[in-house]
Amino acid sequence: MCGIVGYVGDRPAAETLFRGLRRLEYRGYDSAGIAVHEGERISVLKRKGNLDQLEPYLGWFPRRGGTGVAHTRWATHGLPSKENAHPHLDCGEEIAVVHNGIIENFQELREELLSRGHRFRSQTDTEVVVHLVEENYRGDLLEAVRLALRSVHGAYALVFMSVREPGVLVGARRDSPLLLGLGEGENFLASATLAFLEFTRRAVALENDELVRVTKEDWELVTTEGKRLERSPYQVPFDVTSVEKGGFADYMLKEIYEQPQAWQDTLRGRLSRSGVLRIEELEEDHFDLKRIRRIIFVSCGTSYHASLLGRYVMENWMDIPVEVDISSEFFYREPRLDPECLVVAVSQSGETADTMSAVRWAKNCGAPTLSVVNVVGSMMARESDGVLYTHAGPEIGVAATKTFLAQIAAIYLLGLYLGQERGLLEPEFIRHTYERLEALSSRIEEVLQDTEMVERCAEKYCRCEDFLFLGRNINYPLAMEAALKLKEISYIHAEGYPAGEMKHGPIALLHPGFPVVALIPRDGVYGKMRSNVEEVKARQAPIIAVATRGDSEIRECCDETIYVPEVEPHFNPVVIAPAMQLFAYYVAKMRGCNVDQPRNLAKTVTVE
Ligand code: G6P
């Protein structure tokens, strides 16, 4: 995790770097720091805590152009503290570095460096790198970094500067993202394009084992072997207004309200006039979809819940067995993969280390890989054989909301497309389903306009310390997602369970202070859910039903009812999800929590 930024140009360097850090704070926020090259020295400012702790001291730096590097941290090695915050300097205090990733052999390197007389000021894995660069420095920073990285194992995006080379930044990457932002008379290096979006939309993505030397007018890309590379910049497909709060109190709330748009944008323009579903991204040679005999989804967190839902959709519409793995568990069961098994990686960021490893492993086994990703040009998008983008726009709130719904849209789309390509779904069914999917955007809007009951339930139960969410069939993954949302942002213990499984354990926990949220829309398992609701009632636990509007029967037997619009049964998750996100949001706000930056979490998890 962690966010890094480097700047070279004529704007006030510290302020420009700080603005970049603000945009990257979702990547970690336990400590932060800035280093700026001033005359013959490097001035460093570091603070424990989030960026608010750093901001009051920015006036220490002169308000003029220059070169600098900055960092916002999510601790892996070494406690969150001022000493462990980046940037780190070499012994001579002439070189500064910021790092995102993990240096796996840092202990060994540290011992070697100590024996050669280096002094360390932090407990981080990062600090070894700047000492190695110091040892290799002979007047050329790029060359020194290139030589130093030969002994480094692990994942890194690194940005360096040296007092001996004013106006120069050097970046390097392996397995952690690093983007170059190209402005007019100024350039940037950063973990994500968001950091420089307000200054430029022209970007270049570094690939693994590449280094870059950047000045304010120029840039030069080389491999770790020293070979020069040419690469054309691309245009970032959104502008800075899409990453502002736009009048909402929090990013999370804004993003919840952007869901009708995210839904539409992800589905848009896929059905041709002749009624054929087109996903150009999947029409290229590397996919022979007719040959696929098995699908495995791999993902983490909220993306895992979208994948679970994918299993119900795919198995319903197709003749293929579908498995779903949590990325970090994928290897352990050693699934047998071959060219007839399609591995679908679902990830908002396209950077999650565990999912990335799963994709690489699948590729090594010869299985075709497809990623469902929100961040254009991300590592997963580039390394998978094919990519289906969700068009949710940038998501800043750490808890995923609009990207979850966009993933669901993409998964429905993928299900229809595979069904079409394999000749299993009638064109009429495809057209009808696609149109129904498009129409769901208005149903999501309805949920977002009618929040009174959700707020009331939040108010009534926000002091409870445990919640159980129950669902069956396609709503079971939603029960898990609703529980995850609540625990992520309000720190309440919550579990999502298949309703039928409640009697095998969780029922023992129930008591009058332990609310149960039953996802019970009108569908084929309504009767069975009703029985589970009765079982809960008999244990005197309060019940909140999430039910289809017009269902007056359920109101009689539950304490509270949150109504959602009536939709076809297999689309119920689409209207339940926003209601449950809002519930978690209100509860967290009522408990005084910071919903955009929940404790201990980070939006993009680039460590395994
Ligand atoms: C982190 C985030 C979650 C996200 C998960 C997977 O845990 O806090 O919101 O669902 O990573 O991230 P991905 O980018 O792969 O979807």
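Residue numbers run from 1 in the order of the sequence given. First listed ligand is number 1; within each ligand, the first listed atom is number 1. These numbers were taken from a predicted model, which means no experiment stands behind them.
Looking at Arg23 and Glu198, a side-chain N of the basic residue comes within less than 4.0 Å of a carboxylate O on the acidic one, giving a salt bridge.
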Go through the steps for Glu55 and Arg22 under the test salt bridge (Lys or Arg N to Asp or Glu O under 4.0 Å), then give the verdict.
CA-CA 10 Å; Glu55 193 169 17; Arg22 274 276 183 228; 3.0 Å; yes
Kindly determine whether Lys402 and Asp265 satisfy salt bridge (Lys or Arg N to Asp or Glu O under 4.0 Å), including the steps that lead there.
CA-CA 11 Å; Lys402 63 174 177 172; Asp265 289 347; over 6 Å; no
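Side-chain atoms of Lys603 do not come within 3.5 Å of backbone N or O of Glu25 as any donor-acceptor pair.
Between Phe297 and the options Asp325, Leu308, Leu309, Val322, a side chain to side chain contact (heavy atoms under 4.5 Å, CB included) holds for only Val322.
The backbone and the side chain of Thr302 each have at least one atom closer than 4.0 Å to an atom of ligand 1 (non-hydrogen atoms only).
Within the 4.0 Å heavy-atom shell around ligand 1 one finds Val605. Within the 4.0 Å heavy-atom cutoff, Ala602 counts among the residues contacting ligand 1.
Those atoms of ligand 1 that come under 4.0 Å of a heavy atom in Lys603, given as number and element, are 1 (C), 2 (C), 11 (O). For ligand 1 and Ser347, the ligand atoms under 4.0 Å from any heavy atom of the residue are 13 (P), 14 (O), 15 (O), 16 (O). Those atoms of ligand 1 with a heavy atom of Ala400 less than 4.0 angstrom away are 9 (O). For ligand 1 and Ser303, the ligand atoms under 4.0 Å from any heavy atom of the residue are 10 (O), 13 (P), 16 (O).
Nearest protein heavy-atom contact of atom 14 (O) of ligand 1 is Ser349 OG, 2.6 Å. Protein heavy atom closest to atom 15 (O) of ligand 1, with residue, atom name and distance, is Thr352 OG1, 2.5 Å. Scanning the protein heavy atoms around atom 6 (C) of ligand 1, the nearest turns out to be Cys300 O, 3.5 Å. Considering only non-hydrogen protein atoms, atom 9 (O) of ligand 1 sits nearest to Val398 O, 3.2 Å.
On a distance-only criterion, Gln407 and ligand 1 share no N/O pair closer than 3.5 Å.
For the pair Arg360/Thr369, no side-chain contact is recorded, criterion being any heavy-atom separation below 4.5 Å from C-beta on.
Taking a 6.0 Å sphere around CZ of Arg382, one finds it holds more than 12 heavy atoms contributed by other residues, nucleotides or ligands.
Between Phe571 and Tyr412, the ring centre distance stays below 6.0 Å.
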